[in-house]
Each structure stands twice: as structure tokens, then as C-alpha cells.
Amino acid sequence: MASSDDAATDEFRDITDVKVALVAGLCAVALTLSLEYGAGIEVPFVYRLSPLVPYFAYVFSRGAALSARTWMALTAVVTLATFGYFAF
């Protein structure tokens, strides 16, 4: 039987998942808008989804002993690297 502490941990795990997903989604949208309207570059759809790669790694590895902040920072770095690759 699960204790009440396990239920609280599951609840916080769900909130953490939502935060990481929110950052990945916002980065994907920001990347698309900044490339298309900011830099005026047409980039294939698959490259605009690159911020979702760290998110899927987070989901399938169940965090891999890294904090949620690390995964969010990794998502931001991938987004900036993709923008830099196509914009410069």
C-alpha cells in the first residue's frame, strides 16, 4: 500500500513534467516565430521541433537523475543553438 508521501511525490512529479513540457512548447513556438518573422528565414518543420528533443529525452529517461531545471536549460540551449545555426 502506498503511503501519503508517495502520493505527494507523484503530484510534484506531474507538476515538474508540466513545467518541462511548457518550456519545450514555448521554446518551439519562440524558435518558429523568431526564425520566420525575426530573421526572415524559412526553416523545415522538423528543425523547428528541435526543442522537443530534450523534452522527449526527459520523458523517456524519466529525468535521468537530472533536475528539472537542467532539462529546461538544455531545452533553451538547443533552441538557441538551432536559431544560431540557421540565423548566422
Side-chain angles (χ1 to χ4, degrees):
M1 183 165 161
S3 69
S4 63
D5 290 339
D6 292 338
T9 302
D10 289 340
E11 182 178 332
F12 288 129
R13 175 76 177 164
D14 293 340
I15 291 171
T16 303
D17 289 348
V18 170
K19 287 179 183 178
V20 175
L22 181 64
V23 168
L26 289 175
C27 283
V29 170
L31 178 64
T32 299
L33 293 176
S34 63
L35 283 171
E36 192 168 326
Y37 297 114
I41 302 169
E42 186 66 32
V43 177
F45 183 68
V46 70
Y47 295 111
R48 290 183 281 158
L49 293 179
S50 64
L52 298 180
V53 172
Y55 171 69
F56 285 123
Y58 167 77
V59 168
F60 291 122
S61 68
R62 297 313 274 157
L66 298 174
S67 69
R69 285 185 180 180
T70 304
W71 286 104
M72 289 185 259
L74 181 61
T75 302
V77 167
V78 168
T79 302
L80 291 173
T82 304
F83 180 80
Y85 179 76
F86 286 106
F88 299 109

Same cluster (ILVMFWY, side-chain, under 4.5 Å), [X] and [Y]:
{"X": "Leu49", "Y": "Tyr47", "result": "no"}
{"X": "Val78", "Y": "Val53", "result": "no"}
{"X": "Val46", "Y": "Phe56", "result": "no"}
{"X": "Phe83", "Y": "Val77", "result": "no"}
{"X": "Val23", "Y": "Leu66", "result": "yes"}

Drop me the distance from [X]'s [atom1] to [Y]'s [atom2], to the nearest 0.5 angstrom.
{"X": "Tyr55", "Y": "Trp71", "atom1": "OH", "atom2": "CH2", "value": "12.0 Å"}
{"X": "Leu33", "Y": "Leu26", "atom1": "CG", "atom2": "CG", "value": "10.5 Å"}
{"X": "Ser50", "Y": "Phe86", "atom1": "OG", "atom2": "CZ", "value": "8.0 Å"}
{"X": "Tyr37", "Y": "Thr32", "atom1": "OH", "atom2": "OG1", "value": "10.0 Å"}
{"X": "Leu31", "Y": "Thr75", "atom1": "CG", "atom2": "OG1", "value": "12.0 Å"}
{"X": "Leu74", "Y": "Tyr58", "atom1": "CG", "atom2": "OH", "value": "13.0 Å"}

For the student: nearest non-hydrogen atoms of [X] and [Y], plus distance:
{"X": "Lys19", "Y": "Met72", "value": "O-SD, 4.1 Å"}
{"X": "Ile41", "Y": "Ala87", "value": "CD1-CA, 3.6 Å"}
{"X": "Val20", "Y": "Ala68", "value": "CG2-CB, 4.1 Å"}
{"X": "Cys27", "Y": "Ala76", "value": "SG-CA, 4.3 Å"}

- Student check: side-chain heavy atoms of Arg62 and Asp17 closer than 4.5 Å: yes
